[in-house]
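Data first, discussion second: the structure below is written as structure tokens.
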Amino acid sequence: MAAVVTNYAGYVNVPIPTGQVFRTGDEQGWWFDSGSVALDFAHTGGFASEPELLDETATLTTWVADRFPEVTAAAVDRDLIDARTLRSAIARIARAIADAAAPAPEDVDVINLFAATPDIPPVLDGGSRQAGRSRARIGQALAAIGRAAIQVFDGENLERVRKCSADDCDLVFYDESRSNNRRWCSMQRCGNRAKVRAHRARAHPVPDLT
Ligand SMILES: [Zn+2]
């Protein structure tokens, strides 16, 4: 179990935006906000059966730049290998926690390793110098994602890492709602399907033959 407590969100200037267009199988793309940049990252193809969204260095560059505007360097092959390594570890731990199982220590090691490298430093506006804000590398974004993963997988938040409640959907999200009662990967997708099914069941009840 990841036991390192790092209040990552406490010192970034701007919250990292979450959510992305997601697609499983043949369906149209839809907006899936996993509630954490770490789980969004895992859902770029880290889970088995999910399409690979980071199929080349260019897509990794874009994915990172959309969330970390400080990163201006393009991803190289090594970054893509690192990104997929980190992503797989996050996905496997998320799946384990959602299934109430213990994460594999080697996956925890991977996250701790990335989180221990330099991430993107915070910057206080209003200084007289143009401090080097816009010169971060892909690796620093991966460190930030690793730290975000630690925050999500920290013991206090484990019950917030859950699978979608739909029987035929196992997307994992981090419930950041105050009430901690999120049930669906997306209300528009699985939430509505469940509502439709419940409505049909009420309209056409199974006859009671007993
Ligand atoms: Zn779902």
Side-chain angles (χ1 to χ4, degrees), residues 1-2 8-9 15-55 59-60 62-64 66-67 83-104 107-108 110-111 144-146 148-206:
M1 196 82 37
Y8 177 71
I16 304 164
T18 57
Q20 62 194 328
V21 175
F22 187 77
R23 190 175 279 105
T24 50
D26 299 331
E27 69 183 341
Q28 288 238 310
W30 53 279
W31 187 254
F32 174 38
D33 185 345
S34 74
S36 159
V37 69
L39 292 181
D40 278 354
F41 188 60
H43 282 295
T44 61
F47 294 89
S49 82
E50 284 185 6
E52 176 60 81
L53 301 184
L54 304 181
D55 53 347
T59 46
L60 173 62
T62 304
W63 198 95
V64 167
D66 283 348
R67 290 154 184 85
R84 288 178 178 161
T85 301
L86 174 62
R87 184 182 70 172
S88 297
I90 294 173
R92 280 193 294 264
I93 293 179
R95 172 73 66 219
I97 292 172
D99 290 340
D107 288 331
V108 174
V110 167
I111 288 179
I145 292 169
I150 288 176
Q151 190 190 22
V152 165
F153 298 146
D154 167 52
E156 281 185 22
N157 294 324
L158 286 190
E159 60 167 10
R160 291 180 174 271
V161 178
R162 295 194 296 272
K163 279 190 292 194
C164 176
S165 294
D167 291 339
D168 55 351
C169 175
D170 58 0
L171 291 174
V172 180
F173 58 78
Y174 174 70
D175 186 351
E176 52 183 350
S177 72
R178 189 178 291 264
S179 50
N180 192 16
N181 63 353
R182 176 173 170 181
R183 296 183 61 196
W184 314 109
C185 59
S186 157
M187 193 61 220
Q188 283 69 38
R189 185 174 181 262
C190 288
N192 274 345
R193 287 182 192 167
K195 268 201 283 186
V196 168
R197 271 198 288 268
H199 176 77
R200 282 203 197 114
R202 278 195 301 274
H204 306 284
V206 178

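Atoms within a ligand are numbered from 1 in the order they appear, just like the ligands themselves. Just so it is clear, the model here is predicted, and its values are computed rather than measured.
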Do W63 and F41 make the cut of ring centroids closer than 6.0 angstrom?
-> yes
Check the Zn ion (ligand 1) and write out every protein N, O or S atom at under 2.8 Å, as residue and atom.
-> C164 SG, C169 SG, C185 SG, C190 SG
Donor-acceptor under 3.5 Å (R189 side chain, C185 main chain) | no
Sub-3.5 Å donor-acceptor pair from the side chain of D107 to the main-chain atoms of I93, do we have one?
-> no
Between D99 and K163, is there a salt bridge with N-O shorter than 4.0 Å?
-> yes
Hey, could you give me the CD/OG distance between Q20 and S34, rounded to the nearest 0.5 Å?
-> 7.0 Å
Please list, chain by chain and in numerical order, all residues satisfying ring-ring contact (aromatic ring centres under 6.0 Å, His included) with F32, sequence neighbours excluded.
-> F22, W30, H43
